[in-house]
Amino acid sequence: MRPACPPPPTVAVAVSVAAWLGALCCCAGPAAAELGVEARLAWEGYARPEQWTELTLRIASDRGGPVELEIGGAWPVRSEIQIEAGRTRTVRLPAQPGLDGDAISVQVNGPGGSASTRVSPRFPPAGRRTVAFVAAEPHASGAFTSLAVEPDGLPRSAWAFATADALVIEGGALARLDAAQLGALRDYVRACGRVLGVDVPPAQLAEWRSAAGCDGAHLANAGAGDAVEERLSALLALPLPASPTARASARAPAARDALVAFFVLYAVAFGVGTLVLRRAATLLIVPLAATVLLGAGLMTRPASISFSADGRHTRLRIDGLAPDQVAVDLPAHLGPPASAMAADRTALRWGLDGSRAGVQRIELATHLLSRHDFSFRFASELEGASALEGGVSP
Amino acid sequence: MTLTPTLRAVGLAGLACLLPVAVWLGGQVFAPASPGRTVALFESALRGLLVAQALAIALVGPRCVGSRVEGSGPGQALAGLALLLAPPLPLLLAIGLAGAAGSGVLAAGVLALTVEAAAIGIGVHVLDRAAPGQSGRSVEALLQIGLATTVWSTRGVWLAWIGV
């Protein structure tokens with residue numbers, strides 16, 4: 001008779017199981033790096049459909065290296081940043097909510113892992129003016145919708161100010177703005193943004209007035225006892241400078257002229273050849289040769305790219321001649337395109353690092369006679385420059 | 001192969017398919033319009049060109065094959081088909097470069113027209129044997145009208161098959 005085996009102690013079993021599980025985990029591969037992302041929209045989440053707003057991302061990773069960022073919405077934006085292990089990095093990118101008001105997706109692909117999140121925009125009522133009150137007492141009015149915004153919710157980029165038709169900011173709040181916010185506010189004033197200061201210190205007001213566009217007509221200051229609503233109504237009645245419309249020019253580019261001339265010549269050549277040539281094979285050479293000539297002529301010419309700046313706005317036009325991928329680098333301070341007239345929304349790549357800092361790149365596919373017009377609300381450093389003909393290397 | 005009067009007429013018919021489409025397209029691309037419309041214009045041009053060529057094959061095809069035609073034979077038929085399809089080649093290239101159609105769609109279009117031409121050639125030879133002489137000419141005219149009507153009325157079907 002065999003002696004009964006004593007039951008194993010519970011602790012020993014647990015340790016054994018834990019050891020096996022640990023070994024399995026180690027054998028299965030290195031532990032996934034922790035990658036975290038938080039997303040927040042400027043203006044406390046208020047945004048307008050198909051208008052740019054600023055998205056702040058806070059990204060942290062256990063591992064350092066390149067991180068790819070992809071922002072969804074009506075216009076996709078991509079960027080790549082470097083991140084250091086164990087340190088949180090804050091980046092700000094443009095984001096554009098769609099008409100449907102769906103949440104904007106944020107996808108982060110870093111070393112050893114990926115993370116995603118979504119951020120939902122809040123749309124003010126459509127068809128009404130919107131006035132943002134920064135640390136100021138919001139005024140209820142039937143003429144506009146009031147948005148109460150904390151100083152921290154103010155964007156750091158001037159192009160993101162389009163969410164509000166006018167801004168009311170209290171002098172005391174200015175001390176709570178960081179340098180980027182103050183700079184963006186100054187650029188907004190320079191671009192004829194409507195700003196009503198309430199008890200703004202004279203020095204700050206003087207700085208704004210010296211920079212203000214539209215002869216300072218869109219900038220006003222009110223004392224504590226003044227009627228803010230009246231001043232606001234007067235400001236809102238002022239028209240903003242018209243953005244350059246992205247309408248196609250009635251003047252056709254040279255490529256169209258050349259193409260039409262080619263077909264006219266070809267039709268004449270084939271018609272005459274039909275009447276005078278004696279052999280069918282010789283006549284067949286005419287369309288074949290014309291096709292080869294046309295292909296060689298179009299496919300060897302790069303897209304035509306031209307910039308124009310009038311001191312207040314910048315425009316970019318890309319005329320395609322053949323299927324091609326075109327990339328154009330522009331200063332990021334122009335902001336993302338305020339309007340675009342293109343078959344699709346193309347891709348916007350935003351430079352944040354190293355040699356590409358302060359650069360935005362527009363990438364798109366061109367075709368024969370395709371035309372892509374982009375207008376930018378802010379003035380360009382290319383001012384006076386300019387026309388650049390020819391391809392731009394990717 | 002010598003360019004017979006029949007082949008010259010076929011070549012001019014090929015040019016006649018191209019010209020209206022090219023003139024219409026030329027007028028449209030000069031009009032200020034959204035860039036996205038350019039692709040739609042070239043797509044419409046491709047549909048118009050294919051329908052015009054299919055109608056031309058239906059109307060001209062029976063005339064350039066068959067025993068009564070000068071220099072008739074397979075070589076004549078092939079040369080006729082080539083002269084009918086070749087003139088719009090530069091326009092087809094432009095349509096491809098404009099992103100309105102891929103090479104597969106363009107190849108399917110040419111294949112469909114070739115199949116139509118081959119079917120007409122076979123039909124005409126069968127008619128020549130069945131009803132030679134003047135009565136055959138009347139039947140041939142009926143065949144042209146019937147083919148052209150069929151091509152026109154079913155254009156939505158075969159254009160969809162091609163993928164246009």
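These values consider heavy atoms only, across backbone and side chains, with no hydrogens, waters or symmetry-generated copies. Per chain, numbering begins at 1; letters A, B, ... match sequence-line order.
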Check each atom of A/L298 against the heavy atoms of chain B and say whether the ones under 4.5 Å are side chain, backbone, both or neither.
side chain
Using non-hydrogen atoms only, which part of A/R278 is less than 4.5 Å away from chain B: side chain, backbone, both, or neither?
backbone
As an exercise, state the distance from CG of A/L284 to CG of B/L83, rounded to the nearest 0.5 Å.
4.5 Å
The criterion is side-chain hydrogen bond (donor to acceptor under 3.5 Å, both in side chains); which residues satisfy it with A/Q51, sequence neighbours excluded?
none
With a 4.5 angstrom heavy-atom cut-off, which part of B/L89 approaches chain A: side chain, backbone, both or neither?
both
Of all the heavy-atom pairs spanning A/P287 and B/A86, show the shortest one and how long it is.
CB-O, 3.3 Å
What part of B/A94 gets closer than 4.5 Å to chain A, counting heavy atoms only: side chain, backbone, both or neither?
both
Would you say the side chain of A/F263 lies within less than 4.5 Å of the side chain of B/V23, judging by non-hydrogen atoms?
no
If I measure from the heavy atoms of chain A, does B/L91 come under 4.5 Å with its side chain, its backbone, both, or neither?
both
Do any of residues 98-109 of chain B come closer than 4.5 Å to chain A, heavy atom to heavy atom, and if so which ones, in number order?
B/A98, B/G99
CZ-OG1 distance between A/R279 and B/T2, expressed to the nearest 0.5 angstrom:
5.5 Å
Heavy-atom pair of closest approach, residues A/L277 and B/L3
O-CD2, 3.4 Å
Tell me, for B/L18 versus chain A, whether the close heavy atoms (under 4.5 Å) come from the side chain, the backbone, both or neither.
side chain
Check whether any side-chain N or O of B/R8 sits under 3.5 Å from a backbone N or O of A/T274 as a donor-acceptor pair, and report yes or no.
yes
Who pairs with B/L19 by side-chain contact (heavy atoms from CB on, under 4.5 Å), at least two apart in sequence or on another chain?
A/A267, B/L15
Closest non-hydrogen atom pair between B/L93 and A/T291, with its separation:
CD2-O, 3.3 Å
Heavy-atom closest pair (A/F270 atom, B/G11 atom, distance to 0.1 Å) is CE2-O, 3.3 Å
For B/T114, all residues meeting side-chain contact (heavy atoms from CB on, under 4.5 Å), sequence neighbours excluded
B/L81, B/L85, B/V110
Within a strict 4.5 Å, meaning less than it, do heavy atoms of the B/L97 and A/H367 side chains meet?
no
Please report the shortest heavy-atom distance between B/L7 and A/A280, naming the atom on each side.
CD1-CB, 4.3 Å
Counting only heavy atoms from other residues, nucleotides and ligands, does the tally under 6.0 Å from CH2 of B/W24 exceed 12?
yes
